[in-house]
Amino acid sequence: MADAFSLQDVLDSFKSSLSDNKEVFIKYYISGWRELVSFMNSLGSVFSFISKDAVNKIQILENLLMGENGTHYLTVQSMVKYELDNELVDLAKRSSHPESGCRTLLRLHRALRWLQLFLESLRTSTEDSKTSVMCSEAYNASLSPHHPWIIRKAAGMAFCALPSRNAFFEVMNAGSDQEVITLLGEALPLISEVHQITEDLYAKNNLLDLP
Ligand code: 1PX
């Protein structure tokens, strides 16, 4: 099937998101997320509350990119500069700019850290490793401190519905287990690089705790 999920496509999107001078193109960043969300949807409806939120955030960014000020949303770097220069970001509490590009992308950025940790533990896992355990460990080390109790609880329940490691490798659609592991080994440095560039940019501008 031409439109089936493939890990390779995710890798390609994140690869395209890096410009020659190490800026991050929002267009490809969100297309990477779209692929991931469609993958998550294929895992079942217990994940829909997660994919709804992710789609909502992807859509906010896409609207900004397609909107009249879209040229400022070409890269994460240009977005940060534009929104800060024009006071379009709620810095202390949500008020007049509840859906700024900066705060919206920050949520996906934290989720990218989850992805990085989860894929790394999948890569180094053994046949009897449990995806639910790998997933919740990655979650606890990334997104969980930013989520209220009720979301943490719901996420924990969803993780229990994750397919086994074998089934997971299969739906990643990248060949044999060894081929999946090789591809993960290629994808991870890229995902880490995109994450690190964004992290440094947000840190430098004091944006890591945006409400
Ligand atoms: C090859 C393996 C691929 C696996 C793909 C999985 C894609 C996962 C996409 C997850 C995107 C999650 C975005 C969450 C953003 C967020 O933190 N939103 C919260 C805060 O937003 P707000 O606007 O209120 O400040 C919001 O409260 C979130 C609600 C939904 C629950 C989020 C739980 C996140 C769990 C992440 C792990 C996903 C596990 C899926 C396993 C396949």
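Side chains are part of it too, since the values below use all heavy atoms of this structure and drop only hydrogens, waters and symmetry mates.
- The two atoms that bring Gln77 and Val24 nearest to each other are OE1-N, 3.0 Å, heavy atoms only.
- In this structure, Thr131 contributes its side chain and Pro163 its backbone to a donor-acceptor pair below 3.5 Å.
- Note: Phe118 and Trp114 have parallel aromatic rings, judged against thresholds of 30 and 60 degrees for the angle between ring planes.
- Hydrophobic clustering (side-chain heavy atoms under 4.5 Å, transitive across Ile, Leu, Val, Met, Phe, Trp, Tyr) groups Phe39 together with Tyr29.
- In this structure the side chain of Val76 never reaches within 4.5 angstrom of the side chain of Ile197, judged on heavy atoms.
- For Ile181, the side chain to side chain contact (heavy atoms under 4.5 Å, CB included) partners are Arg123, Arg165, Phe169, Gln178, not counting sequence neighbours.
- Using cut-offs of 30° and 60° for the angle between ring planes, the Tyr202 and His109 rings count as parallel.
- In the hydrophobic cluster analysis, where Ile, Leu, Val, Met, Phe, Trp and Tyr join through side-chain heavy atoms closer than 4.5 angstrom, Met79 is grouped apart from Phe25.
- Thr198 OG1 to Glu193 CD: the interatomic distance, rounded to the nearest 0.5 Å, is 10.0 Å.
- Of the inter-residue distances, the one linking Asp177 atom CG with Ser125 atom OG reads 8.5 Å to the nearest 0.5 angstrom.
- No side-chain heavy atom of Leu210 sits under 4.5 Å from any side-chain heavy atom of Asp90.
- Around OH of Tyr28, the count of heavy atoms belonging to other residues, nucleotides or ligands within 6.0 Å does not exceed 12.
- In the displayed structure, Asp209 atom CG is contacted under 6.0 Å by at most 12 heavy atoms of other residues, nucleotides or ligands.
- Taking each heavy atom of Ser100 and Glu83 in turn, the nearest pair found is CB-OE1, 3.5 Å.
- Taken from CG in Asp53 to CD1 in Ile58, the straight-line distance is 9.5 Å, to the nearest 0.5 Å.
- Contact check for Phe168 versus Leu162: side-chain heavy atoms found under the 4.5 Å cut-off.
- Annotation: side chain of Leu61 is in contact with side chain of Leu108 (closest heavy-atom distance under 4.5 Å).
- Phe159 is not listed as a side-chain neighbour of Lys130, based on a closest heavy-atom distance of 4.5 Å or more.
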* Check step by step if side-chain contact (heavy atoms from CB on, under 4.5 Å) holds for His147 and Tyr139. => CA-CA 10 Å; His147 287 165; Tyr139 176 72; 2.7 Å; yes
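- In this structure, NZ on Lys15 lies 6.5 Å from CD on Glu186, to the nearest 0.5 angstrom.
- Atoms CG and CG, from Leu207 and Leu91 in turn, are 7.0 Å apart once rounded to the nearest 0.5 Å.
- Leu64 and Trp33 fall within a single hydrophobic cluster, where Ile, Leu, Val, Met, Phe, Trp and Tyr are joined by side-chain heavy atoms under 4.5 Å apart, directly or via other members.
- Taking both residues in full, the closest heavy atoms of Phe47 and Met40 are given as CB-CG, 3.7 Å, listed atom of the first, atom of the second, then distance.
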* Any chance you could lay out the side-chain contact (heavy atoms from CB on, under 4.5 Å) test for Phe14 and Leu36, step after step, and finish with the verdict? => CA-CA 11 Å; Phe14 284 109; Leu36 289 165; 4.1 Å; yes
* Asked: Is there a side-chain contact (heavy atoms from CB on, under 4.5 Å) between Leu11 and Ile191 once you walk through the steps?
  -> CA-CA 8 Å; Leu11 171 60; Ile191 292 175; over 6 Å; no
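- Here the side chains of Leu115 and Leu112 are in contact, with some heavy-atom distance below 4.5 Å.
- Remark: the backbone N or O of Leu201 is paired with a side-chain donor or acceptor of Asn205 at under 3.5 angstrom.
- With His97 as the fixed residue, the side-chain contact (heavy atoms from CB on, under 4.5 Å) test singles out one of Asn86, Leu88, Val89: Leu88.
- No continuous path of ILVMFWY side-chain contacts below 4.5 Å connects Leu74 to Ile30, so the two sit in separate hydrophobic clusters.
- Side-chain contact between His146 and Arg152: absent, with no pair of heavy atoms (C-beta onward) separated by less than 4.5 Å.
- Taking the salt bridge (Lys or Arg N to Asp or Glu O under 4.0 Å) definition, one finds that Arg103 meets it with nothing, sequence neighbours left out.
- In summary, Asp85 and Lys81 engage in a salt bridge, as defined by a charged side-chain N under 4.0 Å from a carboxylate O.
- Closest approach of Cys160 and Ser132 over heavy atoms only: CA-CB, 4.3 Å.
- Donor-acceptor pairing under 3.5 Å is lacking for the side chains of Asn166 and Glu170.
- In this model, a donor atom of one side chain and an acceptor atom of the other lie less than 3.5 Å apart for Thr75 and Ser78.
- Taken together through direct or relayed side-chain contacts under 4.5 Å among Ile, Leu, Val, Met, Phe, Trp and Tyr, Ile150 and Ile50 form part of one hydrophobic cluster.
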* Might you work through the side-chain contact (heavy atoms from CB on, under 4.5 Å) test for Arg94 and Glu99, ending with a clear yes or no? => CA-CA 9 Å; Arg94 288 182 93 178; Glu99 296 193 332; 4.2 Å; yes
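- Using a 3.5 Å distance cut-off with no hydrogens or angles, the side chains of Ser51 and Ser48 do not pair a donor with an acceptor.
- Taking the side chain as every heavy atom from C-beta outward, Asn173 and Leu7 never approach each other to under 4.5 Å.
- For the pair Asp200 and Lys204, the salt-bridge criterion is not met [side-chain N within less than 4.0 Å of a carboxylate O].
- Taking each heavy atom of Arg107 and Pro211 in turn, the nearest pair found is NH2-C, 3.4 Å.
- Of the inter-residue distances, the one linking Asp128 atom CG with Ser164 atom OG reads 12.0 Å to the nearest 0.5 angstrom.
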